[in-house]
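Inspection log for the structure reproduced underneath, given as structure tokens.
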Amino acid sequence: MRATKVRNMLHTIEREARLTAPLTGRSAFDPRVMDAMKQVPRDAFVLPDLLDQAFENGPLPIGMGQTISQPYIVALMTDLLEPEPTHTILEIGTGSGYQAAILAQLVQQIYTLEIIPVLAAQAADLLLRLGYDNVEVRTGDGHSGCPEHAPFDGIIITAATTHLPPKLIEQLKPGGRLVAPIGLPDLSQELVLVEKDQTGKLHTSDILGVAFVPMTGGPDKRRQPT
Ligand code: SAH
């Protein structure tokens, strides 16, 4: 039963990838990414009363007003990062820890920042229990990034921001890739891929419309959760 649900989730991701190929430029995701989607138990990252929906292709609430993204979007963002086994990746917005676990299957080291302490603590606990020893969860505001471990091969922001935090751009390696939903909260945003070339120049492409919870904190602290 569970295996069937996982298989169906993978088929749905493959179908959506084909359907959105005109927008994303990729009709199929890297087999390594699909394998990570198969291996990571999404049912461990959802609330107990939503277990029956764990493998459906939709976002789900995780408490504290936050959500775990839909599997297709997780796969797409992971694929856009083009993760390599030697990479160190920074994630902003740990949430449940699911996206971090997917990346942990694919790269050497993940640093992930979560602004809500209770979510950070829960995710750190869960990732440890599941055996992911290459993920470091930190409580903090992602606008500052993680300067002590920079620069990063890839940066993924999983909360919507109106502008790319300059410190995150600084902390991206030449040749690195950053994926983020850009736009106003409560409206649909654009998933954006930023590639930093070897000279440090940025190349930005719009991928497709998405809907994420807002990135809080930042220089304007008024939206910081209490
Ligand atoms: N990647 C997560 C889903 C993210 S939901 C997963 O796989 O489950 C977005 C998360 O970003 C929320 O948990 C929210 O609290 C967090 N967040 C919002 N603003 C942030 C900021 N400035 N710094 C770090 N985390 C932030």
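One-based numbering, in listed order, for ligands and for the atoms of each. What you are looking at is a predicted structure, and each value in this text was computed from that prediction instead of being measured.
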Does the side chain of [X] come under 3.5 Å of the side chain of [Y] through a donor N or O and an acceptor N or O?
X    : Y    : value
E91  : T112 : yes
N57  : E16  : yes
T20  : Y72  : yes
H203 : R177 : no

Check: every ligand 1 N/O to protein N/O pair under 3.5 Å:
unit_1   : atom_1 : unit_2 : atom_2 : d
ligand 1 : 1 (N)  : E91    : OE2    : 3.0
ligand 1 : 1 (N)  : G93    : O      : 2.9
ligand 1 : 1 (N)  : T158   : OG1    : 3.1
ligand 1 : 7 (O)  : Q99    : N      : 3.0
ligand 1 : 8 (O)  : S96    : N      : 3.0
ligand 1 : 8 (O)  : S96    : OG     : 2.6
ligand 1 : 13 (O) : E114   : OE1    : 2.7
ligand 1 : 13 (O) : E114   : OE2    : 3.3
ligand 1 : 15 (O) : E114   : OE2    : 2.6
ligand 1 : 19 (N) : T216   : N      : 2.9
ligand 1 : 19 (N) : T216   : OG1    : 3.3
ligand 1 : 22 (N) : D141   : OD1    : 2.9
ligand 1 : 22 (N) : T216   : O      : 2.7
ligand 1 : 23 (N) : G142   : N      : 2.7
ligand 1 : 25 (N) : I115   : N      : 3.2

Item to check | Residue of the set E148, R138, E136, H149 for which side chain to side chain donor-acceptor pair (under 3.5 Å) holds with Y111 | outcome: H149
Checklist entry - Linking I/L/V/M/F/W/Y whenever their side-chain heavy atoms sit closer than 4.5 Å, directly or via other members, would I182 and L202 fall into one cluster? => result yes
